Peer 1: 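Structure below; questions to follow.
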Amino acid sequence: MSTGKIHKGRNDFPEDPTDVLRSVLDLTPDGENATTGELLFTGETPPQARGRVFGGQVMAQSLMAAIATVDGDRAIHSMHGYFLRPGNALLPITFAVETLRDGRSFSARRVQALQEGKTILSLISSFQDPVSGLDHQSPMPTGVPDPESLPSTSDRLGRMRHPIAQEWSWARPFDIRHVDPPIEIAPDRSEVATNMVWMKTFSAMEGTANLHRAALAYASDYTLLEPVLRRHGISWVRPGISVASLDHAMWWHRPARADEWLLYVQSSPSAQGARGLSTGRIYSRDGELVASVAQEGMIRVPGDLQYRVKNSVQSLLLKGAGRPRR
C-alpha cells in the first residue's frame, strides 16, 4: 500500500538500501592475533543519525566473522550475545574469533567485537552438520494481512523532516511493515504486550544459507522490544526515554531467505526493574517456523509532570513535521 510518491529529505541515501547490509556483512580478514591465536576481522559501519552502532549490525558482523572460521557445510543454529558498551558509528569494529570446539557434528565459536580495545559485544555461536531427527513447530498465526497490503516505513515516515525518520525510511536495508499500529510516533492505547511485523530485504541477496541467517539476526533486533513499549502505552519518541539492548539470543530452526517475506511474531512475558523481556518467532510466508529469538532490554521511562508536558508538545511538533511542504 502506498500513499503516493514521497521525496527523500536528503539525497545521500543509497539507491538500494540493502547495499548497506551487503557492505556491513563484507568483513576484511586481518590475520591472527600473535598472542591469543584468535582470528581477526574488521567491519565498517555506515553513517547513523544517532552516532551509535545498531546492535543488529554488530551481531550480524560477529556471526559473519564466526562463519568465516567454520569449515564445511555446518549451519549456524544458535547464538547468545551480550551488549556490553555502545558502539561508535565513526569507528571500525574489530572482531576476534576464538575456536572453542570442533567436534564430529558441532562447532562452537566465541566472538568479541572490539572498539579502541574495549569489548562492545561478546557472543558465542554454535554450528551443526545437517542431520535428520524429530520435527514439530508452533503454528503460524492465521488471518494476518499480506505484507503488500500494509504501508512501508517510508510510506509512513518518509515525509517527516527529522533525521531519524529519514534514516529509518531510506537507509534501513530491510522493508519493515507493521501489522499492529506502529509506535514510532504515537503510543498504542490498546496496551497489549504483543507486536507483529513483516520484513525482508529490499532486493535479492546473493550468498550462502549462513549469510542469510546472519542477515536475519541483523533484522531480528529492529522491533523486538516494541511489545514492552506497547504494553505500557509508550512510543519510541517519548521524551527522556532510554532504551538499550542488554542481551540477545537466537535459534535458527529451518532454512530461510532474508530477501523473502518473513513474519516476526513478538510478545513480552515480563517487565520489571527497568528491564523488559521480549520473545519472537519468525515464520516464512508458507508457515514454516524458521527462527526463535529472545532479548532483554533496559527501558527507563521518566514519569513526572515535566516529561508528560514535553511528550504532549513533542507529539504536536512531530505531527507538524509529518505534513508535506506546500
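Heavy atoms only: backbone and side chains are in, while hydrogens, waters and symmetry mates are out. Counting begins at 1 with the first residue of the sequence. Nothing here was measured: the structure is a model prediction, and the numbers come from that model.
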Peer 1: If the threshold is 4.0 Å, N to carboxylate O, is there a salt bridge linking E260 and K200?
Peer 2: no
Peer 1: For D146 and E148, indicate whether the former's side chain and the latter's backbone hold a donor-acceptor pair under 3.5 Å.
Peer 2: no
Peer 1: Are W251 and H80 close enough that their ring centers fall under 6.0 Å?
Peer 2: yes
Peer 1: May I ask you to say whether E184 pairs ionically with R156, meaning some side-chain N is under 4.0 Å from a carboxylate O?
Peer 2: yes
Peer 1: Let me see the working for V24 and E44 under side-chain contact (heavy atoms from CB on, under 4.5 Å), right down to the final yes or no.
Peer 2: CA-CA 6 Å; V24 301; E44 300 297 328; over 6 Å; no
Peer 1: Does S23 use its side chain to pair, donor to acceptor, with the backbone of D19 at less than 3.5 Å?
Peer 2: no
Peer 1: In Å and rounded to the nearest 0.5 Å, what is the CD1 to CG distance from I176 to L150?
Peer 2: 12.0 Å
Peer 1: Parallel, tilted or perpendicular: which fits the ring planes of F54 and Y218, with parallel below 30° and perpendicular above 60°?
Peer 2: perpendicular
Peer 1: So do the side chains of M64 and F95 get within less than 4.5 Å of each other, counting heavy atoms only?
Peer 2: no
Peer 1: Starting from the C-alpha separation in whole Å, work towards a yes-or-no answer on ring pair (Phe, Tyr, Trp, His ring centres under 6.0 Å) for H77 and F106.
Peer 2: CA-CA 10 Å; H77 70 87; F106 290 87; 5.6 Å; yes
Peer 1: Determine whether a donor-acceptor pair (N or O, by modelled atom type, separation under 3.5 Å) exists between the side chain of S169 and the backbone of A165.
Peer 2: yes
Peer 1: Judged by modelled atom types alone, do D259 and T201 share a side-chain donor-acceptor pair under 3.5 Å?
Peer 2: no
Peer 1: Under 4.0 Å between a Lys/Arg side-chain N and an Asp/Glu carboxylate O for D102 and R109?
Peer 2: yes
Peer 1: Less than 4.0 Å between a side-chain N and a carboxylate O, is that true for R231 and D188?
Peer 2: no
